[in-house]
Amino acid sequence: MPAVSTDKLTDDLRLAHLLADDADSITMSRFKALDLHVTAKPDLTPVTDADTSVEEALRRTLGRARPRDAVHGEEMDDTGWGPRRWVIDPIDGTKNFVRGVPVWATLIALMIEGQPVVGVVSAPALGRRWWANLDGGAYMGKSLMSASPIHVSDVAKISDASLSYSSLDGWITSGIGQGFVDLLRDCWRTRAFGDFWSYMLLAEGAVDLACEPELALHDMAACSIIVTEAGGTFTDLEGNPGPNGTGAYASNGRLHEELLGRLAPEPED
């Protein structure tokens, strides 16, 4: 992990909370709005005027507060360069947002030299926010001054584990669908809480495994540091730590080696 100043990270975490406050104001004003404008991106996933408004607002604030930092977002082109990069998903769970389901969140992370060092996940329709900074632990609450530490579970057997995922589609096309179905059958409980919520429930200790085979950096950066600072493990499909792969396998740590073994990509002929 990069060597960074604790004081500097505290300032960055405060800034991330301010960004989340701004995002919450915009998203809640547009949630269930009768004039919400929805279009389809080239991959046929939806994007709303709230998505673009949030990203534009956060980029403006970062441009003033951290003009030397790079920014990567879901809806707009990357800007800047250098070791410090903010990663933004303005609304993770846009399909839920569009349909009036309250399970969606703004994801904000700061990465230094490719590794997340600050992460905030804010889900205002659920009344919940989670955050973490490097070596500072993970927390849930309404603000920095009103927070409770969170930690992953101690479950040590797949047969006792609760697993959360998003959908079956990606597993079917990934070539490891059968392994995933077998894992579902062997777990004590499975639910498709989906998107950011799977990983936040993992960080809270409410579930023990969370995995998706196809994700982007903006989906994973904030979630990954919250999981790891809560004591869990977050890797790509090959077991490399962090959010830089094509998917995410997350666990309470005690179950991770078995998770990797069960969902290892099938060898090519």
(request) State, yes or no, whether a side-chain contact exists between D51 and S53 at a heavy-atom distance under 4.5 Å. (result) no

(request) Identify whether the distance between the nearest side-chain nitrogen and carboxylate oxygen of R60 and E55 falls below 4.0 Å. (result) no

(message) Using the rule that Ile, Leu, Val, Met, Phe, Trp and Tyr join whenever any side-chain heavy atoms are under 4.5 Å apart, tell me whether V120 and W86 fall into a single cluster.
(response) yes

(message) How long is the straight-line distance from SG of C211 back to CG of L183, given to the nearest 0.5 Å?
(response) 6.5 Å

(message) Under the rule for salt bridge (charged side-chain N to carboxylate O under 4.0 Å, His left out), what residues qualify as partners of D24, not counting sequence neighbours?
(response) R129

Residues 223-233, side-chain donor-acceptor partners within the protein, below 3.5 Å, at least two apart:
unit_1: S224; atom_1: OG; unit_2: M220; atom_2: O; d: 3.4
unit_1: S224; atom_1: OG; unit_2: A221; atom_2: O; d: 2.8
unit_1: T228; atom_1: OG1; unit_2: S224; atom_2: O; d: 3.1
unit_1: T228; atom_1: OG1; unit_2: I225; atom_2: O; d: 3.2
unit_1: E229; atom_1: OE1; unit_2: D135; atom_2: N; d: 3.3
unit_1: E229; atom_1: OE1; unit_2: G136; atom_2: N; d: 3.3
unit_1: E229; atom_1: OE1; unit_2: G137; atom_2: N; d: 2.9
unit_1: E229; atom_1: OE2; unit_2: D135; atom_2: N; d: 2.8

(message) Is it the case that the ring center of Y165 lies less than 6.0 angstrom away from the ring center of F193?
(response) no

(message) Quick check on side chain to side chain contact (heavy atoms under 4.5 Å, CB included): which of L107, T52, I91, D89 does E74 satisfy it with?
(response) D89

(request) State plainly whether the residues R262 and D186 are in salt-bridge range, i.e. N to O under 4.0 Å. (result) yes

(request) Any chance you could lay out the side chain to side chain donor-acceptor pair (under 3.5 Å) test for W171 and E212, step after step, and finish with the verdict? (result) CA-CA 8 Å; W171 297 102; E212 293 174 80; over 6 Å; no

(request) Establish whether Y199 and L201 are linked, either directly or via other cluster members, by ILVMFWY side-chain heavy-atom contacts under 4.5 Å. (result) yes

(message) Show, in sequence, the C-alpha distance, side-chain angles and deciding distance for W104 and F31, and conclude whether the ring-ring contact (aromatic ring centres under 6.0 Å, His included) test is met.
(response) CA-CA 10 Å; W104 48 268; F31 185 49; 5.2 Å; yes

(message) For residues V117 and I108: do they belong to one hydrophobic cluster (side chain heavy atoms under 4.5 Å, members Ile, Leu, Val, Met, Phe, Trp, Tyr)?
(response) yes

Show every donor-acceptor pair shorter than 3.5 Å between a side-chain atom in residues 241-251 and any protein atom, with sequence neighbours excluded, or say none if there are none.
unit_1: N244; atom_1: ND2; unit_2: G114; atom_2: O; d: 3.1
unit_1: Y249; atom_1: OH; unit_2: L263; atom_2: O; d: 2.9
unit_1: S251; atom_1: OG; unit_2: G253; atom_2: N; d: 2.9
unit_1: S251; atom_1: OG; unit_2: H256; atom_2: ND1; d: 2.8

(request) Test side chain to side chain contact (heavy atoms under 4.5 Å, CB included) on L62 and D69 and set out the steps. (result) CA-CA 8 Å; L62 288 171; D69 292 355; 5.9 Å; no

(message) I need the L260 CG to E238 CD distance, nearest 0.5 Å.
(response) 9.5 Å

(request) Flag yes if more than 12 heavy atoms outside N240 fall under 6.0 Å of its CG atom; otherwise flag no. (result) yes

(request) Determine, step by step, whether R30 and D49 satisfy the salt bridge (Lys or Arg N to Asp or Glu O under 4.0 Å) criterion, reporting the C-alpha distance in whole Å, the side-chain angles of both residues, the deciding distance to 0.1 Å, and the verdict. (result) CA-CA 8 Å; R30 301 301 294 150; D49 59 84; 2.8 Å; yes

(message) For a quick check under 3.5 Å, do S162 and D208 share a side-chain donor-acceptor pair by atom type?
(response) no

